[in-house]
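To start, the structure itself, in structure tokens.
What you are looking at is a predicted structure, and each value in this text was computed from that prediction instead of being measured. We count ligands from 1, going down the list as the structure has it; atoms in each ligand are counted the same way.
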Amino acid sequence: MHNQRLNIGLFGLGVVGKGLLDVLHESGFSDAGIRRICVKDPLKPRAVPRELLTYDAGDILGDPEINVVVETISDPDAAFEIARESMRRGKHVVTANKKMLAAHLPELLEWRDRSDVSLLYESAACGSIPIVRTIDEHFGSEPVEGISGIFNGTSNYILSRMSLEGLDFETALRQAQASGFAEEDPSSDIDGLDAKYKLILLAAHSHGVVAKPDELLYLGIRHIGKADMDFARERGMKIKLLPQCIRSSPHRLAMYVMPALVGADSPFYQVEDEYNGVQLQANFSGHQFFRGRGAGAFPTGSALLSDLGALQGGYRYAYRKHRLNGHTSLDASRLLNVYVRMPGRLHSASLPFEQVTHESLLEDGSRRMLGTISLGALHRQSRQMLREGIFAMQLPDSFEK
Ligand code: HSE
């Protein structure tokens, strides 16, 4: 597609879909028009002309005039069917659905190549930060050692409100939901899943590895409490939910999502509220840091708009690292320096520590432990930790109690 007019079929008119309509309108992007919008609920009032609306996906998929499908719905299964069917019918796809992408990327890329169309998803990772195309294009040839960041606006917003204003977890979560940052089911935000999907997408471009969602450890902030916030504050540090992909040897990557204690010297320390931050460590350029709004209607709409502009210029992701790093695999043996707080009825044997360097009973009756655990062992135990109400975070390698 080169300089062709974009006739868009839009799926979904929630926060993100509506955000796209608004930024398209305000930007004056004149080479694109919304031809049809498919929504689920016929009873919900919508602020768009009635003739644009349809409740039947076939009205978009079967319309030969529609050359681009933009997907902003939250159901990953429906989003996958729409993306696959659109590409099968020769339509380009722009999607914000990170869960769907993380689960089906290889198959989607087969359809993309078979139909010779584009599949773009800047809006699926880190909202307004232009990171997917930057990594794919600019860092397509330079080896990347590591990528890490704050990829979830909702959890970062909650952590900010807890640390800056002393709000409790539930109140801060309700505020994030009211602001339109949270997923339909916010457990994906607070348990680290949303950040994991985004990590999978970025690592596919930065390291050429398409990890399966089940292969990665993810721990979130559901069980964070005042004792944890106090622990960080007393040391002049903050807690952030950090997805990380680190090259541990030439062909092995440690990839995981868990809260981490960060000091004032970390670029993540100052990233607050719904802002996201991405740190990239590349071989020749060194550290790069990107910061911007990670959630909300306009920031996400901005990323969708950027994809539409790129699409009009004929852009497709190159995935150069897939060819360069074909034999890279995941490394579960990495030892992590961790802080764990668990209900007092549990004890150190409840977790597969390699070593415990500190253990104490806290005033609230919970038990705090510091020590080391391997990434793989923590992964195997992680669902049970969620059920048992255990909070864990990574400590810096240089951490001293
Ligand atoms: N729920 C997501 C977040 C929205 O809070 O980051 C943007 O992907």
Side-chain angles (χ1 to χ4, degrees), residues 11-20 22-23 70-76 79 94-103 105 120-133 147-162 169-204 213 218-222 224 239-244 257-259 268 271-278 290-307:
F11 283 87
L13 200 50
V15 172
V16 177
K18 180 69 177 41
L20 173 64
D22 291 341
V23 299
V70 178
E71 235 183 25
T72 66
I73 60 173
S74 51
D75 176 346
V94 172
T95 177
N97 197 309
K98 51 254 159 169
K99 180 172 185 181
M100 179 278 282
L101 288 162
L105 196 56
L120 301 180
Y121 43 80
E122 191 64 71
S123 60
C126 304
S128 66
I129 301 178
I131 194 66
V132 182
R133 212 172 327 132
I147 181 163
S148 59
I150 294 171
F151 294 176
N152 182 263
T154 301
S155 52
N156 202 49
Y157 182 91
I158 293 170
L159 292 171
S160 288
R161 300 275 68 76
M162 290 178 79
F169 180 86
E170 292 298 335
T171 311
L173 170 59
R174 275 198 299 277
Q175 284 189 5
Q177 286 177 293
S179 306
F181 304 143
E183 297 299 304
E184 206 167 79
D185 172 7
S187 53
S188 174
D189 295 303
I190 62 180
D191 291 332
L193 272 162
D194 178 82
K196 179 173 80 163
Y197 302 140
K198 292 167 180 170
L199 180 66
I200 289 172
L201 295 181
L202 294 187
Y218 65 100
L219 292 171
I221 59 167
R222 182 184 291 270
I224 196 168
I239 300 170
K240 297 291 180 186
L241 181 60
L242 293 192
Q244 307 194 50
V257 178
M258 72 184 289
F268 301 123
V271 179
E272 300 289 7
D273 300 318
E274 79 275 24
Y275 277 79
N276 283 189
V278 182
F290 307 80
R291 175 179 176 276
R293 283 202 169 81
F298 270 46
T300 315
S302 133
L304 289 168
L305 182 68
S306 171
D307 274 351

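Using a 4.0 angstrom heavy-atom cutoff, Lys98 counts as in contact with ligand 1.
At the top of the distance list for atom 2 (C) of ligand 1, counting protein heavy atoms only, stands Glu183 OE2, 3.1 Å. Regarding atom 5 (O) of ligand 1, its nearest protein heavy-atom neighbour is Thr154 OG1, 2.6 Å. Given atom 6 (O) of ligand 1, the protein heavy atom at minimum distance is Gly153 N, 2.8 Å.
In terms of the salt bridge (Lys or Arg N to Asp or Glu O under 4.0 Å) criterion, residue partners of Asp307 (sequence neighbours excluded) are, by chain and number, Arg133. Contacts of Asp22 classified as salt bridge (Lys or Arg N to Asp or Glu O under 4.0 Å), with partners at least two apart in sequence or in another chain: Lys18.
Look at Asp273 and Arg293 and you find no salt bridge, because none of the NZ, NE, NH1 or NH2 atoms lies under 4.0 Å from a carboxylate O.
In this structure, of Ala303, Gly294, Ser123, the residue bringing a heavy atom nearest to atom 7 (C) of ligand 1 is Gly294.
Using modelled atom types and a 3.5 Å distance limit, the side chains of Asn152 and Ser155 yield a donor-acceptor pair. Side-chain contact, Asn97 with Thr95: no donor N or O sits under 3.5 Å from an acceptor N or O.
With a heavy-atom cut-off of 4.0 Å, Lys198 touches ligand 1 through its side chain alone.
Listed by atom number, the atoms of ligand 1 under 4.0 Å from Asp189 heavy atoms are 1 (N), 2 (C), 3 (C), 5 (O).
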